[in-house]
Amino acid sequence: MAVRRILSVLTLLLPVLLVAQEVTVDRMMRVGLLRDRTVRQVVVMSGKGSCAIYADGQKRGEVGAADGVKVTVVNGRLEARSLQLAITGVKQLELRPVLPSGYLRMRVPETKLAERSYQGTLLITPQTAALQLVNVVPLEAYTAGVVQAEAGKEHHQEYYKLQAVSCRTYALTNQRKHLPEGFELCDGVHCQVYHGRCKDDSIRMAVDATHSLVLVDSDIRIIHATFHSNCGGQTVNAEDLWSKHEPYLRATTDTFCLNAPHATWQKTLSRGEWLGYLQRRYGLGTSDSATLEAVLNYTPERRDLHLGNVSPAIPLKHVREDLKLRSTFFSVKSEGDKVVLSGRGFGHGVGLCQEGAMRMAKLGFSYTDILHHYYADVHLVEITTLDFFKDDRAAPPVAPPLGE
Ligand SMILES: [Zn+2]
Ligand SMILES: [Zn+2]
């Protein structure tokens, strides 16, 4: 079988690939910053040592740690000023720390945003009357920044490790998301939240311990590592939500999240609101007592795709969206003139259940066990392995670092 052949070749080549890894420079990501606001001015300082400034590809000087450079846009061109420098009329500025361990600090004076710091370089280009900011950052540093912003503080090391693997995997799967805009991923919830450099040692250790590891399916294709807050005891097949079947996103039973903070929810509506909504949206007939009973007293044993057994069918994913419910996994109970929806879980339910994974980590499961619990038949491989097996269908092409 082709897959088995690929895996056996993989095993033979593993030592070679591991040696190759040692000399491989981290791949770079281009992350668009603060895309949800209009930035007309930034102040950039060096966090350690000095930082070099390149204007349209030419080095124009350095900014010391005690100085800062203010960048604005004037008539569609950039202007940069520091104590020592005055650069005007250019199309691109690149700020690059001189020390390998250096980083940049950035402030946006027009906003109340706290100062952020970034590893790698900062590319600034004019975009009509605003600035486009792109952080060109090593994948591992970006992964650590995302884990800090997405996972939060004080989790178990194994939990941070699996977050590192899934954030890294997500970054590679979604590398084309913003290509027409001149970068790969944005720094908001649209892609993955990224507020710059990771300052948490525990997260950095977890990222280092999983260096370059990503998840692939049995065809060595990088997976869509989707996750949600709490599955309510049962995860969802990918095709039940998005119509696209993925062999690794299968419904599975999960007992680890049942006592977690988002395990249950409740919402009360008036009987009129509930039936009125079903009538308007799905043309539900309320004259038939069996139909009424099916939508007023409904208790699913497992996750359903549709509410009750009524015609026309009522897709639960639409009910969730319309009524802004935490999940599609809920029962309905009629109590006098009220209707109580009692739900389980929080989120779409596909892929990894975060609260279940946190619990598994606390109970002593390794991050690989946890990933295999939520993603069926996946493998952890080094990114270099993907490059080796790359074809049209495999990992997306990697853009070369800009300004290198
Ligand atoms: Zn995005
Ligand atoms: Zn769960």
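Atoms within a ligand are numbered from 1 in the order they appear, just like the ligands themselves.
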May I have the step-by-step check of salt bridge (Lys or Arg N to Asp or Glu O under 4.0 Å) for Glu181 and Arg35, ending in yes or no?
CA-CA 11 Å; Glu181 294 156 82; Arg35 303 298 299 161; 3.8 Å; yes
For the Zn ion (ligand 2), find the closest N/O/S atom on Asp254 and give its atom name.
OD2
Sorted by chain and number, protein N/O/S atoms nearer to the Zn ion (ligand 1) than 2.8 Å are His178 NE2, Cys186 SG, His190 ND1, Cys191 SG
Is Arg359 close enough and on-axis enough to Phe256, meaning under 6.0 Å and within 45°, for cation-pi?
no
Please report the closest heavy-atom contact between Arg168 and Leu213, naming both atoms and the distance.
NH1-O, 2.9 Å
Does Arg96 make a cation-pi contact with Tyr54, if we ask for NZ or CZ under 6.0 Å from the ring centre and within 45° of the axis?
yes
Three-point angle Cys353:SG, the Zn ion (ligand 2), Cys257:SG, rounded to the nearest 10°
110°
On the ring face of Phe183, is Arg30 found with NZ or CZ under 6.0 Å from the centre and within 45° of the axis?
no
Answer with yes or no whether the side chains of Gln266 and Ser342 bring together a donor and an acceptor at under 3.5 Å.
yes
Residue Asn297 excluded, over 12 heavy atoms near CG under 6.0 Å
yes
